[in-house]
Amino acid sequence: MPELPEVETVCRGLSARLVGRRLVRVEQRRPGLRLPFPEDMPARLTGRRVVAIGRRAKYILIHLDDGGVAILHLGMSGRLIIAEAPGAPPGRHDHVVLTTDDGAVVVFNDARRFGLMTLALEAELAAHPLLVGLGPEPLSPGFTPKALSARLAGRGSPIKAALLDQTVVAGLGNIYVSESLFHAGISPLRPAASVAGAGAGRLVPAIRRVLKAAIAAGGSSLRDYVQTSGELGYFQHRFAVYDRAGQPCPGCCCDVAETGGIRRLTQANRSSYYCPRRQD
DNA sequence: CGGCAAACCTGCGAGC
DNA sequence: TGCTCGCAGGTTTGCC
């Protein structure tokens with residue numbers, strides 16, 4: 001799925017086209033995705049004006065003029081595409097279609113249906129069950145080596161698993177964990193607690209740098225992800241290690257035949273990629 | 001509580 | 001060409 005950079009890119013696309021617009025039509029084409037849609041979702045959205053678009057972790061927050069907030073998650077394969085022409089025949093996995101007063105058509109398409117969409121009240125957002133346990137935003141000032149160290153302390157699980165845990169830091173997924181660990185020179189196998197301190201001092205800026213570069217590139221397009229415009233992101237061309245098993249490490253000078261290049265391993269049922277020479 | 005596997009669902013590429 | 005298998009950016013649940 002879309003991880004933080006992809007979700008952020010989608011939010012920016014939505015923001016540019018939706019803020020200030022009124023939703024004049026809400027079409028719900030199935031009862032729900034990972035969670036059921038609220039029964040009254042179309043009624044609660046229709047006629048509302050969008051006042052802001054926000055993001056928390058991988059959740060998209062559409063703030064409305066009546067104090068309501070639509071919460072969306074793209075799961076693994078979710079897309080939000082903005083078209084300008086109403087009336088196009090619905091695609092195979094188009095689940096929710098929003099039409100604005102100036103003719104934008106926002107389609108929530110999700111082949112695998114791991115995404116979700118629900119409604120909340122602005123006043124209760126901070127305590128919402130989907131958001132309440134989330135860790136710090138990695139691009140916020142509160143995400144410091146000290147703060148990360150505190151959340152890693154006492155954890156015996158591998159740092160790879162800890163960084164995927166959204167209560168440790170919010171918004172990282174399988175791609176950007178591998179990339180960040182590479183740039184910090186830390187093996188995905190290291191026990192999380194051992195990364196507290198000096199390791200966190202390298203990891204925090206590495207995470208920030210990777211995420212910012214990915215956002216600047218419009219995210220990473222592997223299979224499903226596209227921007228709201230339908231354009232692909234292009235950060236995938238800049239991966240140092242992700243999905244590059246057997247290929248040369250960008251930091252090592254040596255012969256791949258000799259070193260084996262980038263390694264892939266399975267942790268917590270997900271693939272990790274790393275350079276054993278530069279990460280320990 | 002920690003950690004791992006499986007589940008949710010569909011699509012795609014590889015291999016036979 | 002067509003089948004089966006394995007794998008995929010996430011999150012939750014259930015079982016040691």
Side-chain angles (χ1 to χ4, degrees), chain A residues 1-11 29-37 55-60 71-80 91-95 108-118 128-135 138 151-181 188-194 207 210-211 214-215 217-227 232-246 264-273:
Chain A
M1 141 181 215
E3 304 180 33
L4 187 153
E6 291 74 38
V7 177
E8 178 63 27
T9 302
V10 167
C11 283
R29 307 192 61 249
R30 58 175 301 117
L33 294 173
R34 202 180 85 214
L35 301 177
F37 298 134
R55 179 189 59 73
R56 176 75 173 105
K58 300 168 192 169
Y59 292 95
I60 296 162
I71 303 175
L72 290 80
H73 194 291
L74 300 177
M76 292 279 262
S77 57
R79 306 172 168 199
L80 283 166
R92 180 150 155 62
H93 301 294
D94 292 350
H95 306 309
F108 187 3
N109 175 290
D110 184 4
R112 292 176 72 180
R113 306 209 299 271
F114 289 174
L116 71 83
M117 179 169 179
T118 192
H128 193 282
L130 291 171
L131 308 179
V132 72
L134 294 170
R151 289 176 187 261
L152 296 178
R155 286 193 177 239
S157 56
I159 185 65
K160 165 71 191 294
L163 293 177
L164 283 176
D165 182 342
Q166 302 295 296
T167 70
V168 170
V169 53
L172 296 185
N174 210 34
I175 292 176
Y176 297 106
V177 167
S178 275
E179 292 297 302
S180 299
L181 287 171
L189 295 162
R190 280 256 300 267
S194 77
I207 289 169
V210 167
L211 294 179
I215 292 169
S220 302
S221 292
L222 300 188
R223 293 162 192 78
D224 300 304
Y225 168 72
V226 292
Q227 304 184 38
L232 301 177
Y234 51 92
F235 190 73
Q236 65 277 14
H237 302 302
R238 308 241 295 273
F239 291 162
V241 291
Y242 183 80
D243 204 21
R244 298 192 63 237
R264 174 193 148 150
L265 62 94
T266 299
Q267 295 178 285
N269 262 355
R270 324 270 323 258
S271 293
S272 296
Y273 299 88

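Naming: A, B, ... by sequence-line order, numbering from 1 per chain. Below, all heavy atoms of this structure are taken into account, side chains as well, without hydrogens, waters or symmetry copies.
Distance A:R155 CZ to B:dC1 C1': 10 Å, rounded to the nearest Å. For A:N109 and B:dC9, the CG to P distance is 17 Å, given to the nearest whole Å. To the nearest angstrom, C1' of C:dC7 lies 10 Å from CG of A:D243. Going from atom CE of A:M76 over to atom C1' of B:dA6 covers 14 Å, rounded to whole Å. Computed from coordinates, the A:L33 CG to C:dG10 C1' distance equals 13 Å when rounded to whole Å. One atom, CZ of A:R56, and another, C1' of C:dT11, lie 16 Å apart when rounded to the nearest Å. What separates CD1 of A:I71 from P of C:dT11 is a distance of 14 Å, to the nearest Å. Whole-Å rounding puts the A:N269 CG to C:dG10 P distance at 13 Å.
A close approach under 4.0 Å does occur between a side-chain nitrogen or oxygen of A:Q166 and OP1 or OP2 of C:dT11. Checking the phosphate oxygens (OP1, OP2) of B:dG2, no side-chain nitrogen or oxygen of A:S157 falls inside 4.0 Å. Neither OP1 nor OP2 of B:dG11 sits under 4.0 Å from any side-chain N or O of A:S77. Between A:R113 and B:dT10 there is a side-chain N or O to OP1 or OP2 distance below 4.0 Å. Phosphate proximity of B:dC9 to A:H93: absent, as no side-chain N or O sits under 4.0 Å from OP1 or OP2. Contact annotation: A:R270 side-chain N/O to C:dG10 OP1/OP2 distance is under 4.0 Å.
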| field | Criterion side-chain contact (heavy atoms from CB on, under 4.5 Å) on A:I207 and A:L172, from CA distance to verdict | value | CA-CA 9 Å; A:I207 289 169; A:L172 296 185; 4.0 Å; yes
| request: Before giving the answer on salt bridge (Lys or Arg N to Asp or Glu O under 4.0 Å), spell out for A:D165 and A:R155 the whole-Å C-alpha distance, their side-chain angles and the decisive distance to 0.1 Å. | output: CA-CA 12 Å; A:D165 182 342; A:R155 286 193 177 239; 3.1 Å; yes
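What you find for A:A170 and A:L4 is that their closest heavy atoms are O-CD1, 3.7 Å. Annotation for A:L222 and A:F239: closest pair CD2-CE1, 3.9 Å, computed over non-hydrogen atoms.
Checking side-chain atoms of A:H95 against main-chain N and O of A:H93 turns up a donor-acceptor pair under 3.5 Å.
Atom P of C:dC3 sits at a distance of 23 Å from the matching atom of B:dC9, rounded to the whole Å.
Residue-level contact check: A:R34 touches the backbone only, with heavy atoms under 4.0 Å from sugar-phosphate atoms and none from bases. Contacts of A:D224 with the nucleic acid, taken as non-hydrogen atoms under 4.0 Å apart, include base atoms. Residue A:F235 is out of contact with every strand shown, counting any heavy-atom pair closer than 4.0 Å. Here A:G115 lies out of heavy-atom contact (under 4.0 Å) with every strand. In this structure, A:R79 reaches neither bases nor backbone, as no heavy-atom distance under 4.0 Å exists between it and the strands shown. Base engagement by A:S220 is indicated by at least one non-hydrogen atom pair under 4.0 Å involving a base atom.
Of all nucleotides listed (C:dG10, C:dA8, C:dT12), C:dG10 comes nearest to the side chain of A:H73. Closest to the A:Y273 side chain, of the nucleotides C:dT12, C:dA8, B:dG11, is C:dA8.
Under 3.5 Å, the side chains of A:E3 and A:Y225 contain no donor-acceptor pair of N or O atoms.
The nucleotide B:dT10 finds its pairing partner in C:dA8, both defining distances of the Watson-Crick or G-U wobble pair being shorter than 3.5 Å.
With its ring centre under 5.5 Å from that of the base six-membered ring and a plane angle below 30°, A:F114 counts as stacked on B:dC8.
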